[in-house]
Amino acid sequence: MYHVWIPNSSEELKKDMLRYIGRSFDELIEDIPRELILRRDLEVGFGRPLSEYELIRIYRSYMDKNRKPKIPPFMGGGLCPTYIPQVVRYLASRGEFYTAYTPYQPEINQGILQALFEYQSMMAELYSIDVVNASMYDGSTAVAEAFRLAMRVTRRKAILAPEIMNPFYRRVAETWIEPVGGKIIYYRVDRGGQPDLEDLEDKADRETAAIYLENPTYLGNIVEKPEELKNIAGKTGSLYIVFSEPTSLAIFKPPGEYGADIIVGEGASLGLGLNYGGTTLGILGVRRDQSLIRQLPGKLVGMTTDLKGSERGFTLILQTREQHIRRERATSNITTNAALMAVQAAIYISYLGMSGLRRLAETIARKTRYAIDHIYRRREYMNLAIGARYFYREVPIRFRGDYGTIYRRLVDQGIYPGIRLDPLLKGFSNCGLFCFSDVHSRDDIDLLFESIDKVI
Amino acid sequence: MYHVWIPNSSEELKKDMLRYIGRSFDELIEDIPRELILRRDLEVGFGRPLSEYELIRIYRSYMDKNRKPKIPPFMGGGLCPTYIPQVVRYLASRGEFYTAYTPYQPEINQGILQALFEYQSMMAELYSIDVVNASMYDGSTAVAEAFRLAMRVTRRKAILAPEIMNPFYRRVAETWIEPVGGKIIYYRVDRGGQPDLEDLEDKADRETAAIYLENPTYLGNIVEKPEELKNIAGKTGSLYIVFSEPTSLAIFKPPGEYGADIIVGEGASLGLGLNYGGTTLGILGVRRDQSLIRQLPGKLVGMTTDLKGSERGFTLILQTREQHIRRERATSNITTNAALMAVQAAIYISYLGMSGLRRLAETIARKTRYAIDHIYRRREYMNLAIGARYFYREVPIRFRGDYGTIYRRLVDQGIYPGIRLDPLLKGFSNCGLFCFSDVHSRDDIDLLFESIDKVI
Amino acid sequence: MWRQAKWDVEILTEIDNSTARGSGPEVPFTHQFKDIELEVPEELARKTEPNIPSLSELEVVRHFIRLSQMSFGVDAGMIPLGSCTMKYNPKILDALALNSEIEFLHPLQDEDTVQGLLEILYTTERWLAEIVGLDKCVFQPPAGSAGEFAGALIIRKYHLDRGEPRDEMLIPDSAHGSNFASAAMAGFKVVKIPTRGDGCVDLDALKAIASNRTAGIMLTNPNTLGIFEKDILEIAEAIHDIGGLLYYDGANLNGIMGIARPGDMGFDIVHLNLHKTFATPHGGGGPGGGVLCVRRDLIDYLPRPILVREGGKLRWDYSCGKCIGMVRAYHGNITSALRTFGYIAMLGPKGLREVAETTIINTNYFIKRVLEKPYYELPYSPEKPRKHEVVLSAKKILNDTGVSAEDISKRLLDHGVHAPTMYFPPIVDEALMIEFTESEPKREIDRFVEILHRIAEEAYRDPSKVKGSPTATSVGRLDLVKANHPKTLAPSTRYVRGEGGSR
Amino acid sequence: MWRQAKWDVEILTEIDNSTARGSGPEVPFTHQFKDIELEVPEELARKTEPNIPSLSELEVVRHFIRLSQMSFGVDAGMIPLGSCTMKYNPKILDALALNSEIEFLHPLQDEDTVQGLLEILYTTERWLAEIVGLDKCVFQPPAGSAGEFAGALIIRKYHLDRGEPRDEMLIPDSAHGSNFASAAMAGFKVVKIPTRGDGCVDLDALKAIASNRTAGIMLTNPNTLGIFEKDILEIAEAIHDIGGLLYYDGANLNGIMGIARPGDMGFDIVHLNLHKTFATPHGGGGPGGGVLCVRRDLIDYLPRPILVREGGKLRWDYSCGKCIGMVRAYHGNITSALRTFGYIAMLGPKGLREVAETTIINTNYFIKRVLEKPYYELPYSPEKPRKHEVVLSAKKILNDTGVSAEDISKRLLDHGVHAPTMYFPPIVDEALMIEFTESEPKREIDRFVEILHRIAEEAYRDPSKVKGSPTATSVGRLDLVKANHPKTLAPSTRYVRGEGGSR
Ligand SMILES: Cc1ncc(COP(=O)(O)O)c(C=O)c1O
Ligand SMILES: Cc1ncc(COP(=O)(O)O)c(C=O)c1O
């Protein structure tokens, strides 16, 4: 059966090639046990090859069953809707980038390598840390790998993490470290969303591989004294891992400046879009410390020269850490990563530039403040679920009434409010986690709260 | 005011540059009479620069006021809805193509030049003619230029054209040739949609610059004896100009095979889309005849070698025909043309390949037949407006009732039927010109006729 | 060190069909109509098999990706082609212009179903009228030249309707070729007006030439030398006094947008090139978008249909009392109009003026820098500030070294920048016409100056090197004699195979 | 003659901010919130200024367009990397995966609002289950390796739940590195199984090694030599007999899709790489898409959430009784899943089988042709047909000329084709692992053979030329020692500037 995606599939050409080979097709598969050969067509697709246009019509007939909100969703939890600038889309869709493989042959892929190096360098700038790898799958697996990295470097098994840790990351990290004996111990967070330092001191000991902090926290508030966690880690010889939303670092103090040994992040906000949670970018970096660097998982691009020393070039480095060389002793099994998302994030950051990033972060911070004012004006039936002073992008709201009902009524009106914290975090019943990002206008935010007023 | 599209617009940079120049900005415009200097902001846009996302939301708020049909429109008249394959879109959006200028420096633009040469060569194959230029604006202006070309070559002023000539083309051609003394004389077309040869013989004389034929005609029927027009033209020393829908030539006899001296076409069906009539491609070509070639308007790409004769290359040729060299004695004023559409058409044709084009044309011919069967089954209240034997893609239907009413009712139901011939062509009251193209499924066509049944 | 990609790419119509034995992609719904008879009688059927191969999708992709890498657009590097206004084409505008929503809109669709689109077109038209200082615009002309032609037709019809047909069109000798050609196409006799030593239209000559045969004048301002026609008000008066009309070639609007308006200068008719000033991409030659704007009393002459608002709804008015007819089918290049909408909206009033301001600063910054070394000359009042562009002369280099403006242009290619417009306007010897627009960063202009200087020095040191250029492009200098000679002319593979030949 | 483009491209974080004094694009709605106080107290504010320039949009475009021209994807030329399945990525699938509709979908959005999307995901999942012959799939794993890890966790949990924890995972010595690493990450001790002279798993060795400590085996079939494990049914029996589970590394499914199914072979757990067999692009390293499929009795172990149909509606089931947990947040790489939907739909059942059939023909056609000249060798039963790929050895060339598999690979680049996978699998000396997939036209395979032969001949004639390659790429062979040496290590510009350094 000829198909335009399969150049040699015309019957004549196949016959020619088989004639040259000197065997029939059946002979080419005669080593497959007869009883395994499928004697029927697979029951897949629509029974016949489709044309592009037919596919598009079918796709539309499915997708039209989705319901579209009237205004951009306010759902948070680490992933928020964002706008992808058209240049980002345009440049990331260059065939030479997106149809390339991992640049194992550096000479023919200097472009991708430089772009990844620039991603690494810009992330290093943003987080104020020296080494950032060329991407992990997403924030959750980056966190899990950060935990495993800390365990390898310290040869210890325990991670101290905040009780309000991102609940999805928590489940992923548990899944990832449990088989190798790791465990997470959760430290308390006070009503102001700040780590309970006493509890942390209590729990930290010589078994502690690392202290983990999310800043801004999962609930959106800024941790006010993050350097104190570094002190505690210092005392027990533990590492300090900090997860931060990258855009927040344009205005807030970056982890590298308050002592993080390992930094982690999720890059989706850097022009990647939500894609139902699918197209993500795990950011992972370490201090300039050879043992940390040697234990870093994932690909790393470095600058070098050609053999003559006359021209600059880029190549993958320290590959001996990786699975294809080190096998079961590799720092990780990661092979395919999220390179294109790293390139895309690099494009996004360079498009916004530092001034644009700062303006973005400032506007988001202002919107967050604006939303909080809305909340304050509705003290009778809603309040901040944690009494923190500073929030960025996300805000947890506790409702007097049943949030499930409010939530559903809003969705029915085409307004998608904050995610329900109820099943996710203990102690947050009737709470929603709301996100205010670049895509929300003042009218959108006003409409959200006015709609809440109406359904309550 | 800094804008990200204007690199040097930061106040500091402008100051630096002005300092270097040694003049203030006002001094740079001091030769503009003071009274002409605009002392206020233009009243345009939305008062301030917009972000991309704000623009998109505004754009959507406008476009959401359009009404979308339930199924693809059946509107014809030379432009029909078609599907643009994704590869076409993808390749035509390569920045190196679409942000290039006319390849006046051939050495740095071999890619575009080869693509245009391939367009010319593939069109030459399709129309069976030797020389096709690198594009005109659209079918209508290509026809007008063909008329002007014939007038220059023959030094005669009259064009014989069918009375059912595309009414838009007719108006455009009249506008274009009238100032230089040209006039169009319309010959009769019989009830079967065939040129009235007697009338033609009567009208053709030594004043006739060219006989013009559309095949398929504007009403979609195939002309059965197109070579007879060549004979008549031959007798009076006139040229023979044939306009054809390019896809039809995959299965029907091409103009070059029945004697056309000049061929014309509209390339919109070659993967360009409708775009409200905006993105078109005028196809214009001539026989291998030096006087025709020397009088051809528009850009032409030719093959050559480098100066050493060692490598193949492509360049614009015969530029002395053009306005930038020949000025008021140029063959045309055309400067900017439709090069990207020519490249896009070349991509489309090479993607379909000759087999795909043939299958496309065959399927369209079958759909046309299928629609005609629908019409035949409704003899009580509709019929073919011309009694031709063979139609391709377009079919004129004459209704018993008032087509205006039928039309409006269908539009209200989200079904866009054939265009109303009434105001466009004399003698076709209560007629609609329906198009059946690649995008229409059997269900779509059935639904169209069933919907007509209901509203009638 | 720049170097262009180079690929061996077969010509599609020369691919041996026997090695590409595909049969193309699925065609939608083909299977649903298999049972319907195909009626193509023998005598009407195509007999010859065109040389169009059936390739796989991947082969098509590679073919054109490779060709694209051997092409050069603004996205890749500077294209300082004077008069062409090769500015950056913002990507966001693609999103407005290229989408499946627009693609399926038929030009004769019921106006009720496209009110949103029409609102955008109408709004954009209003904005453009404000920018040029006139009253009504149409998008119908497919490009600038077609706008000129339509404008010339209006001038012709205007005089005819007043019962005094006039047959002369005045055009400065520095004008763009299309002005002459358009006037001729509209039936005018072209009368050239000389340029004065200061680079402006010779006002005295103009007054001497203008007569009651003068239908009007076609001008661009700033002119092709980049110089503002400072006597424009006098020119307008002179032409209007003898009953003529003023046509403005909008190709150079980029130099004054938001600063001065053609309408205020006395122009009656203006065309704009959306693919110049309003950032629609040039597409390797086109399509662009033309717009024609007129003073209130000429609206009746505009080509039809025009967009009108009636009872809150927009509709196309086809009624053609005095109108010149139709210059192309339908409503113009709609995608350009949509891009223009976005372009203006994103820049806003201040941004539009910034375009002109930065353009002017760029030009004059360049002039100062390039003249720092004694190679290139600036004819016509070198002290006068230029606006959107500047025309240098390489005459001195040619005289001293034998290296021509063309050689210099070719050598520029070796540095990964496109050459300027050469040998235009014809009133400048060895002309290099340079336009940066607002899009080129200072760093790039600096680099361009350095390259120009380096090439000049090279011309004195080693002229054969410059004459042997380019070498970094995918092919070396081409044989244009062979390309144009009747014996070796090769405009298609079919032509090369021999007349009527086909496998 | 091929030549890659070459541009001098500054490193973004080294651009002098003073020459790029922009301030970025407009940020949406900024003006609407200007009046709201910005609360970033001094002690929480960022102090250092990152070296991230603020460029104009055009500069960003040019930067990355130029970098792209110095990159190499399947769209530009052949990438016969064995094991990587670098097939054509159909452009139509971009239209499904990348659009503003998908972009705005939040993973925790109410299921009622995404029924259409969920229908597509569910349908695709069913199709994949049918293709592999198992019962239920999840898209959660972000790539193949993560699928292996999840699969290994299932095996671990399965034995734990049965009260007999097992700690050994059997893996053939020819297996992909990620298999070993994944097993180790899941807490297993890896036990290697040798490959027999015929290129298959040594069944006797396997039987000898397998014990009640054996949790399972991770296999790919066809294996990394491109050879079908003909004893697969016996292997399955042996492993199942001792209570172990069989894990299928789906990276090589392209060689048998539609012809034979892992589930029918006895595999209990399968991962698929959507970026291999199902044409999701590799993106220069990722993202891809992983899928994990299991037999009915292992469904409870799958990572959560899984997609279930209930009362006509689809919803995510988060309930985790026996489940292994979550291997990444949310539902997997949705864009890959959408592409897979389109890929399968466009090919249909016959097309999917055609993929495997053409792949196999391509491989064996190549083998016959390349072995026509006596340079390269085919270790392990050269007479046996290969499936999706083939591993050649350049040992003879190395011994005779000193030219290594790496040298040959570099020289291939000079012809505008990407090199094969080198030095893998480790059981082949001087391995060149070649996979064409179904996408490469015969003409390209022919050309590849010719180039391989030409390079071999060159190695005998002029080895230094091969060793001095590549020269047609944008940069020559790189200094990897310098790149990896602690003293010259340069993983970021900040690192190079010195710790904590910042302007
Ligand atoms: C000064 C001038 N006038 C007129 C034109 C013709 O415009 P268009 O190319 O849009 O037909 C051009 C551009 O080519 C030009 O530069
Ligand atoms: C045989 C084999 N197994 C596993 C993998 C790992 O898959 P992924 O890259 O999707 O993590 C690969 C590909 O890299 C492979 O070739």
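Keep in mind that the numbers below use all heavy atoms, side chains included, and drop hydrogens, waters and symmetry copies. Chain naming here is simple, since letters A, B, ... match the order of the sequence lines and numbering starts at 1 in each.
- Contact annotation for A:R326: neither backbone nor side-chain heavy atoms come within less than 4.5 Å of a heavy atom of chain D.
- Looking at A:F97, the atoms closer than 4.5 Å to chain D (heavy atoms on both sides) sit in the backbone and in the side chain alike.
- A distance-only check finds a donor-acceptor pair linking the side chain of A:Q120 to the backbone of D:P491 [under 3.5 Å].
- When heavy atoms are compared at a cutoff of 4.5 Å, A:Y370 approaches chain D by way of both its backbone and its side chain.
- The main-chain N or O of A:M1 is found under 3.5 Å from a side-chain atom of D:E354 such that the two form a donor-acceptor pair.
- For chain A, the nearby parts of D:R477 are the backbone and the side chain; heavy atoms of each come within less than 4.5 Å.
- Considering only heavy-atom pairs separated by less than 4.5 Å from chain A, the leading option among D:G283, D:G24, D:G348, D:C84 is D:G283.
- Residue contact with chain D, scored on non-hydrogen atoms closer than 4.5 Å, involves the backbone of A:A250 exclusively.
- Contact count versus chain A (heavy atoms, under 4.5 Å) is highest, among D:S336, D:S439, D:S409, for D:S439.
- The closest donor-acceptor contact from the side chain of D:T13 to the backbone of A:S121 lies at 3.5 Å or more, if one exists at all.
- Using modelled atom types and a 3.5 Å distance limit, the side chains of D:D94 and A:Y98 yield a donor-acceptor pair.
- With chain A as partner, the option from D:P385, D:G285, D:G325 having the largest number of non-hydrogen pairs under 4.5 angstrom is D:G285.
- With a threshold of 4.5 angstrom between heavy atoms, D:F228 approaches chain A through its backbone and through its side chain.
- With a threshold of 4.5 angstrom between heavy atoms, D:L44 approaches chain A through its backbone and through its side chain.
- For A:T336, the parts lying under 4.5 angstrom from a heavy atom of chain D are both the backbone and the side chain.
- Per-residue counts of heavy-atom pairs under 4.5 Å with chain A were compared for D:V327, D:N89, D:L81; the largest is that of D:V327.
- Side-chain N or O atoms of A:K14 include none that pairs as donor or acceptor with a backbone N or O of D:I361 at under 3.5 Å.
- Each of A:I32, A:L36, A:L38 was compared with D:I259 under the side chain to side chain contact (heavy atoms under 4.5 Å, CB included) criterion, and only A:I32 meets it.
- Checking D:R328 against A:T280 by side-chain atom types alone, a donor-acceptor pair falls below 3.5 Å.
- Between the side chain of A:E52 and the main chain of D:I92, no donor-acceptor pair closer than 3.5 Å is present.
- Both the backbone and the side chain of D:L347 come within less than 4.5 Å of a heavy atom of chain A.
- Heavy-atom distances place both the backbone and the side chain of D:P25 under 4.5 Å from chain A.
- Contact annotation for A:E174: neither backbone nor side-chain heavy atoms come within less than 4.5 Å of a heavy atom of chain D.
- Contacts of A:N275 with chain D are made by both backbone and side-chain atoms, with heavy-atom separations under 4.5 Å.
- Side-chain contact between D:F33 and A:R369: absent, with no pair of heavy atoms (C-beta onward) separated by less than 4.5 Å.
- Taking 4.5 Å as the limit, some side-chain heavy atom of D:R261 sits within range of a side-chain heavy atom of A:L42.
- Put simply, the side chain of D:P41 does not reach to within 4.5 Å of the side chain of A:E224, judged on heavy atoms.
- Contact annotation for A:R23: only side-chain heavy atoms (C-beta onward) come within less than 4.5 Å of a heavy atom of chain D.
- No side-chain donor from either of D:H63 and A:S350 sits under 3.5 Å from a side-chain acceptor of the other.
- For chain A, the nearby parts of D:L38 are the backbone and the side chain; heavy atoms of each come within less than 4.5 Å.
- Residue D:I65 touches chain A through both its backbone and its side chain, counting heavy-atom pairs closer than 4.5 Å.
- Only the backbone of D:E37 comes within less than 4.5 Å of a heavy atom of chain A; no side-chain atom from C-beta onward does.
- Neither the backbone nor the side chain of D:A183 comes within contact range of chain A; no heavy atoms are under 4.5 Å apart.
- Put simply, the residue from A:T305, A:T304, A:D306 that forms a side chain to side chain donor-acceptor pair (under 3.5 Å) with D:K482 is A:T305.
- Looking at heavy atoms from C-beta onward, A:L91 lies out of side-chain contact with D:S68 at the 4.5 angstrom threshold.
- With a 4.5 angstrom heavy-atom cutoff, D:R369 touches chain A via backbone and side-chain atoms both.
- Counting heavy atoms from C-beta outward, A:Q105 and D:T473 have side chains that stay 4.5 Å or more apart.
- With respect to chain A, the highest number of heavy-atom pairs below 4.5 Å among D:V9, D:L352, D:L153 belongs to D:V9.
- For D:V190, the part sitting under 4.5 Å from any heavy atom of chain A is the side chain, from C-beta outward, and nothing else.
- Looking at D:Q4, only its side chain comes within 4.5 Å of chain A, counting heavy atoms on both sides.
- Looking at A:L55, only its side chain comes within 4.5 Å of chain D, counting heavy atoms on both sides.
- Of the two parts of D:M185, the backbone and the side chain both hold a non-hydrogen atom closer than 4.5 Å to a non-hydrogen atom of chain A.
- Looking at A:Q110, both its backbone and its side chain come within 4.5 Å of chain D, counting heavy atoms on both sides.
- A side-chain donor-acceptor contact under 3.5 Å links D:R46 to the backbone of A:L249.
- Heavy atoms closer than 4.5 Å to chain D are found in both the backbone and the side chain of A:I349.
- Only the backbone of D:E440 comes within contact range of chain A, with at least one heavy atom under 4.5 Å from a heavy atom of that chain.
- No hydrogens or angles considered: nothing links the side chains of D:S145 and A:Q323 as a donor-acceptor pair under 3.5 Å.
- At a 4.5 Å heavy-atom cutoff, the contact between A:L28 and chain D is made by backbone and side-chain atoms alike.
- The part of A:E27 that comes within reach of chain D is its backbone (N, CA, C, O), which places non-hydrogen atoms under 4.5 angstrom from that chain.
- Side chain of D:E130 to backbone of A:V44: no donor-acceptor contact under 3.5 angstrom is found.
- The part of A:T141 that comes within reach of chain D is its side chain, from C-beta onward, which places non-hydrogen atoms under 4.5 angstrom from that chain.
- In this structure a side-chain-to-backbone donor-acceptor pair under 3.5 Å is present from A:N109 to D:F72.
- Using a distance-only test at 3.5 Å, with no hydrogens or angles considered, a donor-acceptor pair links the side chain of A:Y59 to the main chain of D:L96.
- Proximity of D:L489 to A:L318: side-chain heavy atoms (C-beta onward) are separated by under 4.5 Å at one or more points.
- A:L274 places none of its side-chain heavy atoms less than 4.5 Å from the side chain of D:Q109.
- With hydrogens and angles ignored, the 3.5 Å screen pairs a side-chain donor or acceptor of D:H106 with a backbone N or O of A:L79.
- Looking only at atom types and distance, the side chain of A:S9 has no donor-acceptor partner in the side chain of D:T358 under 3.5 Å away.
- A donor and an acceptor atom, one from each side chain of A:H3 and D:E438, are nowhere located under 3.5 Å apart.
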